[in-house]
Amino acid sequence: MQIEFGEKIRELRKRDGRKQEDLAAALGVTKQAVSRWEANGGYPDMQMLPAIANYFHITIDELFGYDNDRQIRLQSYVNQADQIRNGGDIRQLLEFLRNAISEFPSEWRLQCRLANALAILGYQECEPNATISEGGSVCLDREKNAQNRYLKEAVSVYEAALKKDALEKDMDDGYRTGVIGALIGLYSFIGDFENAEKTARSQSPIKISQEVLLARAAEGEKAEEYCGEAILALMHELYMVIDGFITAKHSLTYSQAALDAELAVARLYESILEDGNYGSFHNDICMLYLNCSAIAVRLNESEHALKYLEIALDHFMQWENFSKSDQLRESHQLTAPLVSKVKSGATSFVVMNREWFEKRIPAAYVDTIRNNPKYALFFEKS
């Protein structure tokens with residue numbers, strides 16, 4: 001019992017990033033006393049056990065190794081957080097996660113969800129911060145973005161989650177990839193390119209990525225599944241790279257070349273998912289056609305701009321219905337030939353909401369879209 005207790009105290013303290021001095025101060029004992037407990041050289045008074053359990057936000061049973069209740073409670077918080085996020089109320093999500101993390105201060109599933117919520121609020125608050133450089137190009141006001149309180153906290157929370165995972169290796173591989181991508185995006189947005197590049201260079205090159213290697217590592221149905229996953233992942237990353245490059249190089253946002261590139265990627269999605277069953281990929285296609293509409297406006301191609309905007313809105317409405325239905329997301333299966341064996345089509349997405357979408361409707365087409373009976377229900381919900 002004594003050995004198990006000492007190990008448990010040390011495990012809990014490291015889990016929460018606390019020092020022996022922190023626990024000692026909270027309990028009104030010396031650091032040496034805590035050190036003896038952890039070294040199995042002593043045992044606290046029985047009346048102190050409730051205070052120790054309370055300090056770590058666990059029950060006395062959990063203190064002695066019975067942690068099933070804790071895991072159930074943690075999973076409940078994760079599920080509730082996802083439900084709030086699907087509802088679109090990011091500020092409510094932020095408040096909920098802060099309260100949950102006060103009980104589970106070092107749980108990566110809560111930390112990463114908190115960082116994501118902070119990033120969303122930060123991006124919303126920063127937009128559309130831009131400045132005209134001496135060369136006449138438009139670029140992000142990265143210095144101002146670096147002062148954004150939400151973005152600064154998001155970076156620190158992501159960094160803490162990854163630092164802890166580097167030691168304990170308990171984060172899901174897929175989630176870790178998403179976190180690294182989100183963190184690099186934040187670094188770039190606030191102008192911390194040194195850390196962005198350092199983090200990126202620490203990852204594996206695309207030719208030995210998990211998806212590409214798995215596509216060569218099986219046969220039969222398993223090979224079909226892995227190849228499908230690789231196609232979806234590479235397609236999504238192609239979109240992200242092209243769109244990021246166009247956004248970063250202002251002159252491209254006024255070019256036919258950029259419009260052609262965005263359309264080519266959109267049509268790649270439509271070709272791969274040829275039967276129109278897009279699932280969560282409505283998100284990517286919506287974003288692509290929104291970008292096409294914005295570029296067409298700049299090129300004075302009003303007819304095309306409106307057409308692309310309507311396609312984007314159609315995809316947004318379908319994505320919204322899909323994302324808000326737990327049953328749809330959990331039971332969804334892609335059915336196009338190249339990806340029909342994929343068990344999950346989910347990848348890393350920007351969280352879109354109505355406010356976000358409406359801000360991206362070109363001013364010249366707001367009335368036209370609002371007066372279109374096809375979209376009446378969409379604007380009634382706004």
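Nothing here was measured: the structure is a model prediction, and the numbers come from that model.
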Asks: For Glu143, does the CD atom sit with more than 12 other heavy atoms under 6.0 Å from it, leaving out its own atoms?
Replies: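 No, because the 6.0 Å sphere around CD of Glu143 holds 12 heavy atoms or fewer from other groups.
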Asks: One pair to check against side-chain contact (heavy atoms from CB on, under 4.5 Å): Gln111 and Leu97. What are the steps and the verdict?
Replies: CA-CA 8 Å; Gln111 285 181 318; Leu97 286 168; over 6 Å; no
Asks: Using every non-hydrogen atom in the two residues, find where Ala117 and Ile90 come nearest and quote the distance to one decimal.
Replies: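 Heavy-atom minimum between the residues: O-CG2, 3.6 Å.
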Asks: Is the backbone N or O of Thr253 less than 3.5 Å from a side-chain atom of Arg298, with the two atoms forming a donor-acceptor pair by type?
Replies: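 The answer is yes, because a donor-acceptor pair under 3.5 Å joins these two groups.
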Asks: Going through the checks in order, is the side-chain contact (heavy atoms from CB on, under 4.5 Å) test met by Asp82 and Arg113?
Replies: CA-CA 8 Å; Asp82 289 343; Arg113 284 166 171 78; 2.8 Å; yes
Asks: Quick check: closest heavy atoms across Gly122 and Leu151, and the distance to 0.1 Å?
Replies: CA-CD2, 3.6 Å
Asks: Using a distance-only test with no angle check, is there a side-chain donor-acceptor pair under 3.5 angstrom linking Glu159 and Tyr187?
Replies: yes
Asks: Can you see whether Tyr55 has Arg18 sitting over its ring - NZ or CZ less than 6.0 Å from the centre and within 45° of the normal?
Replies: yes
Asks: If only side-chain N and O atoms count, and only distance matters, is there a donor-acceptor pair under 3.5 Å linking Asn148 with Asn145?
Replies: no
Asks: Indicate if Leu263 and Phe245 have the same hydrophobic cluster label, given that clusters are the connected sets of ILVMFWY residues with side-chain heavy-atom separations under 4.5 angstrom.
Replies: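 Same cluster: Leu263 reaches Phe245 through Ile, Leu, Val, Met, Phe, Trp or Tyr contacts under 4.5 Å.
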Asks: Is it true that, when you exclude Gln256 itself, more than 12 heavy atoms of the residues, nucleotides or ligands shown sit nearer than 6.0 Å to its CD?
Replies: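 Atom CD in Gln256 is packed in, count exceeds 12.
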Asks: Can you name the closest pair of heavy atoms from Gln92 and Asp89 and give their distance?
Replies: N-OD1, 3.0 Å
Asks: Just by distance, do the side chain of Arg15 and the backbone of Phe56 share a donor-acceptor pair under 3.5 Å?
Replies: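 Side chain of Arg15 to backbone of Phe56, a donor-acceptor pair under 3.5 Å: yes, one is there.
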Asks: Is a side-chain N or O of Asp243 found less than 3.5 angstrom from the main chain of Tyr239, in a donor-acceptor match?
Replies: no
Asks: Indicate, with yes or no, if Leu162 and Leu186 share a hydrophobic cluster defined by side-chain heavy-atom contacts under 4.5 Å among Ile, Leu, Val, Met, Phe, Trp and Tyr.
Replies: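 In one cluster with Leu186: Leu162, yes.
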Asks: Would you indicate whether Phe193, at its atom CZ, is surrounded by more than 12 heavy atoms from other residues, nucleotides or ligands within a distance under 6.0 Å?
Replies: yes
Asks: Give a yes-or-no answer on whether the side chains of Tyr77 and Glu103 include a donor-acceptor pair shorter than 3.5 Å.
Replies: yes
Asks: Salt bridge or not between Lys8 and Glu11? Use side-chain N to carboxylate O under 4.0 Å.
Replies: yes
Asks: Judged by atom type as modelled, is there a donor-acceptor pair below 3.5 Å linking the side chain of Asn54 to the main-chain atoms of Pro50?
Replies: no
Asks: Report yes or no: do Ile231 and Val212 belong to one cluster of Ile/Leu/Val/Met/Phe/Trp/Tyr joined by side chain heavy-atom distances under 4.5 Å?
Replies: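 No, it is not one cluster - the side chains of Ile231 and Val212 are not joined through contacts under 4.5 Å.
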Asks: Assess whether a salt bridge exists between Arg10 and Glu7, defined as any Lys/Arg side-chain N lying under 4.0 Å from an Asp/Glu carboxylate O.
Replies: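 Looking at Arg10 and Glu7, the cut-off is not met.
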Asks: Please report the shortest heavy-atom distance between Ala230 and Ala215, naming the atom on each side.
Replies: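 The pair with the smallest heavy-atom distance is CB-CB, 4.2 Å.
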Asks: Any salt bridge between Arg201 and Glu197, counting N to O under 4.0 Å?
Replies: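 Glu197 and Arg201: salt-bridged.
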Asks: Backbone N or O of Leu23 within a donor-acceptor pair of the Arg13 side chain at under 3.5 Å?
Replies: no
Asks: If only atom types and distance count, is the side chain of Gln333 paired as donor or acceptor with the main-chain N or O of Ser340 below 3.5 Å?
Replies: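 Yes; judged by distance alone, with no hydrogens or angles, the pair exists.
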Asks: Please walk me through it: do Glu153 and Tyr158 pass side chain to side chain donor-acceptor pair (under 3.5 Å)?
Replies: CA-CA 9 Å; Glu153 186 179 357; Tyr158 273 139; over 6 Å; no
Asks: Begin from the C-alpha positions of Asn116 and Leu93 and carry the test side-chain contact (heavy atoms from CB on, under 4.5 Å) through to its verdict.
Replies: CA-CA 10 Å; Asn116 179 255; Leu93 174 61; 5.7 Å; no
Asks: Output, in order, the C-alpha distance, side-chain angles, deciding distance and verdict of salt bridge (Lys or Arg N to Asp or Glu O under 4.0 Å) for Lys307 and Glu310.
Replies: CA-CA 5 Å; Lys307 181 182 73 173; Glu310 289 179 344; over 6 Å; no
Asks: Any side-chain donor paired with an acceptor under 3.5 Å for Thr199 and Gln203?
Replies: no
Asks: Give, for atom CZ of Arg98 and atom CG of Leu118, the distance between the pair rounded to the nearest 0.5 Å.
Replies: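 CG of Leu118 is found 5.5 Å from CZ of Arg98.
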Asks: Measuring from atom OH of Tyr289 to atom CD1 of Ile311, what distance do you get when rounded to the nearest 0.5 angstrom?
Replies: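 With rounding to 0.5 Å, OH (Tyr289) is 4.5 Å from CD1 (Ile311).
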Asks: Could you give the distance from CZ (Phe316) to CG (Asn321), rounded to the nearest 0.5 Å?
Replies: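 With rounding to 0.5 Å, CZ (Phe316) is 9.5 Å from CG (Asn321).
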Asks: Do Leu213 and Leu232 share a hydrophobic cluster (ILVMFWY, side-chain heavy atoms under 4.5 Å, transitive)?
Replies: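 As far as the 4.5 Å side-chain criterion goes, Leu232 and Leu213 are not connected within one cluster.
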Asks: So which atom in Ala233 and which in Glu211 form the shortest heavy-atom distance, rounded to 0.1 Å?
Replies: CB-CG, 3.9 Å
Asks: Find the distance between CD1 (Ile242) and OG1 (Thr247) and round it off to the nearest 0.5 Å.
Replies: 11.5 Å
Asks: Check whether Leu238 and Met240 end up in the same hydrophobic cluster, where Ile, Leu, Val, Met, Phe, Trp and Tyr are linked by side-chain heavy atoms less than 4.5 Å apart.
Replies: yes
Asks: Charged N to carboxylate O under 4.0 angstrom, Asp314 versus Lys374?
Replies: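 The answer is yes: the pair qualifies as a salt bridge.
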Asks: Walk me through whether Trp108 and Tyr175 qualify under ring pair (Phe, Tyr, Trp, His ring centres under 6.0 Å).
Replies: CA-CA 10 Å; Trp108 66 264; Tyr175 217 102; 5.2 Å; yes
Asks: Could you check whether any side-chain N or O of Ser35 sits under 3.5 Å from a backbone N or O of Lys31, counting only pairs where one atom can act as donor and the other as acceptor?
Replies: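 Between the backbone of Lys31 and the side chain of Ser35 there is no qualifying donor-acceptor contact (under 3.5 Å).
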Asks: When the aromatic ring centroids of His332 and Phe322 are compared, is their separation below 6.0 Å?
Replies: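 Ring-ring flag for His332/Phe322: true, centres closer than 6.0 Å.
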Asks: Could you pull out the closest heavy-atom pair between Ala305 and Ser293, with the gap in Å?
Replies: O-OG, 2.9 Å
Asks: For His315 together with Tyr278, are the ring centres under 6.0 Å from each other?
Replies: yes
Asks: To the closest 0.5 Å, what do you measure between CG (Leu290) and CD1 (Ile285)?
Replies: 12.5 Å
Asks: Once rounded to the nearest 0.5 Å, what's the spacing between atom CD1 of Ile180 and atom OG of Ser202?
Replies: 6.5 Å
Asks: Tyr308 and Val297: side-chain contact (heavy atoms from CB on, under 4.5 Å), yes or no, with the steps?
Replies: CA-CA 10 Å; Tyr308 300 145; Val297 167; over 6 Å; no
Asks: In terms of relative ring orientation, are Tyr269 and Phe281 parallel, tilted or perpendicular, with 30° and 60° separating the classes?
Replies: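 Because their plane-to-plane angle lies in the 30° to 60° range, the rings of Tyr269 and Phe281 count as tilted.
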Asks: May I have the step-by-step check of side chain to side chain donor-acceptor pair (under 3.5 Å) for Gln83 and Asn79, ending in yes or no?
Replies: CA-CA 6 Å; Gln83 289 175 1; Asn79 293 342; over 6 Å; no
